[in-house]
Protein chains: 2
Amino acid sequence: MGSIQLEQQSSEPKYRHLKTVLTEALDTEFSVGQALPNERELAARFGVARATLRQALDQLELEGRLQRRRGVGTTVAPPRVGVDVSPRRHTWPGAPGDSWVTTDCAPAVPPTAVARMLDARPDEPVEVVHRVLVTHGQSVAAEQLYVPAAVLVTPGEAAPAGPPATGPERGRHVLARLQRLRPDGQDRSVELGSAGAPEARRLDQLPGAPVLIVTTRYAAAGRTVAAAVATYRADTCRLTFGNQGTVSLSAS
Amino acid sequence: MGSIQLEQQSSEPKYRHLKTVLTEALDTEFSVGQALPNERELAARFGVARATLRQALDQLELEGRLQRRRGVGTTVAPPRVGVDVSPRRHTWPGAPGDSWVTTDCAPAVPPTAVARMLDARPDEPVEVVHRVLVTHGQSVAAEQLYVPAAVLVTPGEAAPAGPPATGPERGRHVLARLQRLRPDGQDRSVELGSAGAPEARRLDQLPGAPVLIVTTRYAAAGRTVAAAVATYRADTCRLTFGNQGTVSLSAS
DNA sequence: GAGTGGTCTAGACCACGCG
DNA sequence: GCGTGGTCTAGACCACTCA
């Protein structure tokens, strides 16, 4: 990246041309993990204001090419890790092979959007199970699983030995009871969002960072019995859906 | 949104507080399609610089709450439209029920990343079929489908009557031949990206706008026979995966 | 304490859509 | 031609990490 000046011809914005130049430099002159010069240095080298340079860096970070940490610097990001969200692996919360870790649980009234998804009255109490997904030593996703209290009571069965009113143990208790319902299927959707303050803390990133929001509706006996809202770090991960056909492809 | 001043207490950045205030205003005082005051007006009303206000608007646009058009203004965005990308509906390119429209096709050498996905030599020629997906009168996705020329030739069959060297008709020809291979399965992944110049033009948005990139690998007879890179507008759509279980949920 | 990225300001001009 | 959002500047200070 020895370039000193940014020659430009057309009406293309500077930051976009800058992004192109930086992308080529990343492809040819940098390796994963390597640190870039700091922003003031880079801006001076290209002869632009720091805000303009940052516009280019912002997009490169959005695309997962760069990793920026306050107080530390900017480095070349590793390729995104693939996270399998296909129903085969991620079948049913708490099922064997489920690699999520339950971190907390408490009863609450759900957000209205969640209540609608559950076909529940807006004021109906639900259990909220908080879980995180850790791979390669880093948190990649945080999830809130909503289960109406009503679906957890089994008719003709005595109330179970009292679980704690809150905490991971209560969450495991809820998942165990959910397990007893036979899963029929799930609807799932993916959209772009930005991390709220609590998710950002759990995912070790700044609030407002881009995330992929995966919303899942779980069904048993033809009824919606649970809903999950999971936020995946968009910068570091890629959602994979495994093989959706009849014959396996060999892993490449 | 009659609020005139932005009182603040903690170390929370102004733009984030601003975003919270605006979100509440959108939820309570605005309806879909309604226009907001212009940016200079809003910035003055909240007592911040325009750049700070724009930081808040940027995030709200990323979340699909706002729609901004240069020369026009900012309006409240409608809810994102769900686009079904489940294998049931989106089975095999060109299959009946496939709602994509073929716009162009030409032979080319694929990008190296695509060649690797196809298990092809980097210089092996492929057919590139361009397609767009239109729903509710707007383009929501643009796709490039890569098919190695080798998989299209049928041994012991005469070369077909010459298709045009380029254009939609050639694309339909390629898809028709691809149909003859029996589909076995597909691998799919979703990640965040930003629109390049050509995709931006086809999706009627600005370059750099956030998109969801869906990469699909199609297999037949245990081999990878095609790969598709589709970019969906992240602002206006939500990818849905239908029912992935054994029993249908009633549509809500 | 030195150095990094994150936030913020108060301007300016440009490109675009529309009447 | 006017009003809109998009780009750009040249500063400033803050919050954070690390030696």
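Worth knowing before you read on, the calculation uses all heavy atoms, side chains too, and leaves out hydrogens, waters and symmetry mates. Below, read A as the first sequence line, B as the second, and so on, with proteins coming before strands; counting in each chain starts at 1.
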(message) From CD of B:E41 over to P of D:dT4, roughly how many Å is that when rounded to an integer?
(response) 9 Å

(message) Do the side chains of A:R202 and A:E143 get close enough for a salt bridge, i.e. N-O under 4.0 angstrom?
(response) no

(message) Side chain of B:K14, heavy atoms from C-beta onward: which of D:dG6, C:dC8, C:dG6 has the nearest atom to it?
(response) C:dC8

(message) Let's test your reading of the model: under 3.5 Å, does the base of C:dG5 pair with the side chain of A:R40 as donor and acceptor?
(response) yes

(request) Considering only NZ, NE, NH1 and NH2 on the basic side and carboxylate oxygens on the acidic side, decide whether A:D235 and A:R68 come within less than 4.0 Å. (result) no

(message) Quick check on C:dT7: is either OP1 or OP2 less than 4.0 Å from any side-chain nitrogen or oxygen of B:T52?
(response) no

(message) What I want to find out is whether B:R45 reaches B:E41 closely enough, with some N-O distance under 4.0 Å, to be called a salt bridge.
(response) yes

(request) For A:Y15 and D:dT9, give me the distance from atom OH to atom P, rounded to whole Å. (result) 13 Å

(message) Counting only side-chain nitrogens and oxygens, does B:T74 get under 4.0 Å of the OP1 or OP2 atom of D:dT4?
(response) no

(request) Nearest whole angstrom, please: distance from the P of C:dG11 to the CZ of B:R50. (result) 14 Å

(request) Identify which nucleotide among C:dT4, D:dG6, C:dG6 has an atom closest to any side-chain atom of A:N38, counting heavy atoms from C-beta outward. (result) C:dT4

(message) Taking CG in A:D204 as the centre, count heavy atoms belonging to other residues, nucleotides or ligands within less than 6.0 Å. Is the count above 12?
(response) no

(request) With the side chain of B:R70 defined as its heavy atoms from C-beta on, choose the nearest nucleotide among D:dG5, C:dG5, C:dG17. (result) D:dG5

(request) Could you tell me whether B:K19 and B:E24 have a side-chain N and a carboxylate O separated by less than 4.0 Å? (result) no

(message) Between P on D:dA15 and CD on A:Q205, what's the gap in Å once rounded to a whole number?
(response) 21 Å

(request) Between A:A49 and B:R54, just flag the one whose closest nucleotide in DNA chain D comes earlier from the 5' side. (result) B:R54

(request) Please report, rounded to the nearest Å, how far the P atom of C:dG6 is from the NE2 atom of B:H17. (result) 23 Å

(message) Distance check needed: C:dG5 P versus A:R69 CZ, whole Å only.
(response) 11 Å

(message) How many whole angstroms separate atom CG of A:L66 from atom C1' of C:dG5?
(response) 13 Å

(request) Measure from the side chain of B:P13, starting at C-beta and using heavy atoms only, and say which of D:dG5, D:dC13, C:dC8 lies closest. (result) C:dC8

(request) Give the rounded distance in Å between these two atoms: CD of A:E61 and C1' of C:dG6. (result) 11 Å

(request) Please determine, for the side chain of B:R16, which listed nucleotide (D:dC8, D:dG6, C:dT7) has the closest atom? (result) C:dT7

